[in-house]
Amino acid sequence: MSPILTTENLSLFYGKKEALKGINMSFEKTGITALIGPSGCGKSTFLRCLNRMNDLIPGVTITGDVNFNGHNIYAPTTDTVQLRKEIGMVFQQPNPFPFSIYENVVYGLRLAGVRDKEQLDAAVEKSLKQAAIWDEVKDRLHANALSLSGGQQQRVCIARVLAVEPDIILLDEATSALDPVSSHMIEMTLLNLRHDYTIITVTHNMQQASRISDRTAFFLNGELIEANDTKQIFMNPVRQETNDYISGRFG
Amino acid sequence: MRRLFDDELNDIDANFTEMGMMVSETIEKSVKAFIDHDRELAQEIIDNDAKINEREVELEKKSFEMIALYQPVTSDLREIVTILKAVSELERMADYARNIAHATIRVKGHVRVPEIEAELSEMGNRVRKMVEEMLSAYVKSDDLAARKVAAKDAKVGEMYDKINEKGISKMERHPETVIGSTDYLNVAGYLMRIGALVTNVGEWIVYLNTGKIVELNPESSNLV
C-alpha cells in the first residue's frame with residue numbers, strides 16, 4: 001500500500017531555533033499513528049505542519065516537503081481551507097462553536113455551500129454516529145453544544161471534522177482534558193474510525209498510545225528517534241532513548 | 001531519573017537470586033544425602049520444599065502486583081516476565097531435588113553399587129554447578145554466558161546415558177541390585193531434568209537481553 005502522506009526532510013524554525021530537524025515519515029491510508037515524546041520534543045509542531053497550522057505563527061520558517069496524495073501541501077497553489085477539510089484536526093480543549101450541536105456538525109458543509117436540508121440531516125446523523133455520540137444527542141440536536149459534557153463536546157468536534165469527509169484526522173492531545181470514561185469513549189471512536197481514515201494522534205498518555213495505535217513514533221529534541229509498529233516500540237524498541245522514555249526514566 | 005519501580009525491581013531481583021541459591025544448595029544436599037545414605041538430610045530437604053514453594057508464590061505475587069501498578073514496558077517488562085517464568089523453573093528444580101531425597105529414604109538398606117553412585121555424584125556436581133553458573137549469568141544479565149552454560153547440558157545427557165547403561169547391565173548380571181539400581185536410574189533422570197530446566201532459565205536470560213524467545217538445546221528438548 002502506498003502512503004497517503006509523507007514528509008521529506010521537514011524542518012521548522014522558530015526564528016533561529018530549529019524545532020523540527022529534517023523529519024522523514026510516511027503514513028498509510030488507514031490506521032492510527034501515535035506521536036509521543038516529552039514536552040517540547042516537536043511532536044505537536046510536527047502534527048501542525050501536516051495541515052499547515054503553523055503558517056500563522058510569526059517568525060516560523062518551514063523547509064522540506066509534505067506530500068499529500070501526490071502533491072506538496074506547501075506549494076504556493078495549495079488552498080489551505082480545502083487542505084484542512086481533507087486533513088482535519090481535533091484539539092486538546094474541546095472547542096465547539098456556541099451554536100447547536102446540529103450547526104456545529106454542518107458548519108464545514110455550510111461553508112462549502114451545501115444548502116440541501118436532507119443532505120445536511122444525513123451528514124449530521126452519519127457523522128455523529130461515526131463519532132459514537134448519536135445515541136446520546138439525537139433527541140436534542142438543536143441544544144447548544146456548550147451544554148454538553150467535555151467528553152461529549154470532544155466527540156461533537158470529531159463529528160464536525162468527519163462531516164466534511166476528510167482523509168486524515170489529526171488529534172492534538174484530544175483526550176488529555178477529559179476524564180477516563182470520556183477518554184475511553186474517544187478511544188473507542190478512534191478504533192472504529194481507523195479502518196477508514198488515517199489517524200495521527202499526539203498523546204502524553206503512554207497507555208493510550210500502546211492501547212490504540214498501530215504505529216508509534218518517538219520524538220526527542222526535534223528529531224524523530226524511532227518509528228515502528230506499536231508492539232515493537234513498547235516491547236523491544238531499537239533505540240535506548242525510546243526505551244528510557246517510555247519506561248519513565250525521563251520526560 | 002530514579003524510579004520507585006527500580007527499587008522494587010531490585011528487591012524482586014535479589015529475592016529471585018536468593019531463591020536460586022536456595023535451590024542450588026538443595027540440589028547439592030540432595031545428591032550428597034543420596035550418596036552418603038543420609039536419611040536425616042534427605043528428610044530435611046523434603047521438609048524444606050514448602051519454603052521454596054512459598055518463595056515462588058511470593059515472587060509471583062510481587063510480579064503480578066508490579067505489572068498491575070506500574071504497567072512496565074520494554075526491558076522493565078522483560079525483567080518481570082523473566083523472573084515470572086524462571087521462578088517456575090527454579091521451583092521445579094527443587095521438586096526434582098525433593099524426589100532425589102525421597103529416593104534416598106527408599107534406597108536405604110538395598111544392595112548398592114558404589115561405581116554408579118560415584119558417577120551420580122559427579123553428575124550431581126555438574127548439574128549444581130550449571131545452576132550456579134546460570135544464576136550468575138542472570139545476575140550479570142549475560143546472555144552469552146547463559147548460552148555457554150546451556151551448552152554444557154549435552155555432557156549431562158551423556159552422563160545420564162552412561163549411568164543408564166551401567167545400571168541396566170548391573171541389573172542383568174546381579175538381580176539383587178534391581179531395586180537399588182532402579183532408583184539410580186530415577187535419580188540420574190531427575191538430574192537430567194534439572195539440567196533441562198537450567199537450559200530453560202538460560203532461554204529466559206536470552207529473552208531478557210534480546211527480546212527473542214529461543215530454544216537453546218533444540219536437539220534435547222524432545223528427550224525430557
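Basis for what follows: all heavy atoms, side chains included, without hydrogens, waters or symmetry-related copies. Predicted model, so just to flag it, every value in this text is computed and none were measured. Every chain is numbered from 1, with letters handed out A, B, ... down the list of sequences.
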- request: Could you pull out the closest heavy-atom pair between B:Thr74 and A:Ile246, with the gap in Å?
  value: CG2-CD1, 3.5 Å

query: Using a cut-off of under 4.5 Å for heavy-atom pairs, which of B:Leu77, B:Thr210, B:Val73 has the most such pairs with chain A?
result: B:Val73

message: Just so I know, are the side chains of B:Gln71 and A:Ser210 near enough to count as touching, which here means a heavy-atom distance under 4.5 Å?
response: no

query: In terms of heavy-atom contacts, does CE of B:Met22 have more than 12 from other residues, nucleotides or ligands at under 6.0 Å?
result: yes

field: Neighbour count above 12 (heavy atom, 6.0 Å) for A:Arg84 CZ
entry: yes

- prompt: NZ of B:Lys85: more than 12 outside heavy atoms within 6.0 angstrom?
  reply: no

Side chains of B:Lys212 and A:Asn236 in contact at under 4.5 Å (non-hydrogen atoms): no

Whether A:Arg249 side chain and B:Arg3 backbone form a donor-acceptor pair below 3.5 Å: no

- request: Under the side chain to side chain contact (heavy atoms under 4.5 Å, CB included) rule, collect the residues that match up with B:Ser136, sequence neighbours excluded.
  value: B:Lys140

task: Give a yes or no on this: more than 12 heavy atoms of other residues, nucleotides or ligands lie within 6.0 Å of atom CD of A:Glu241.
output: yes

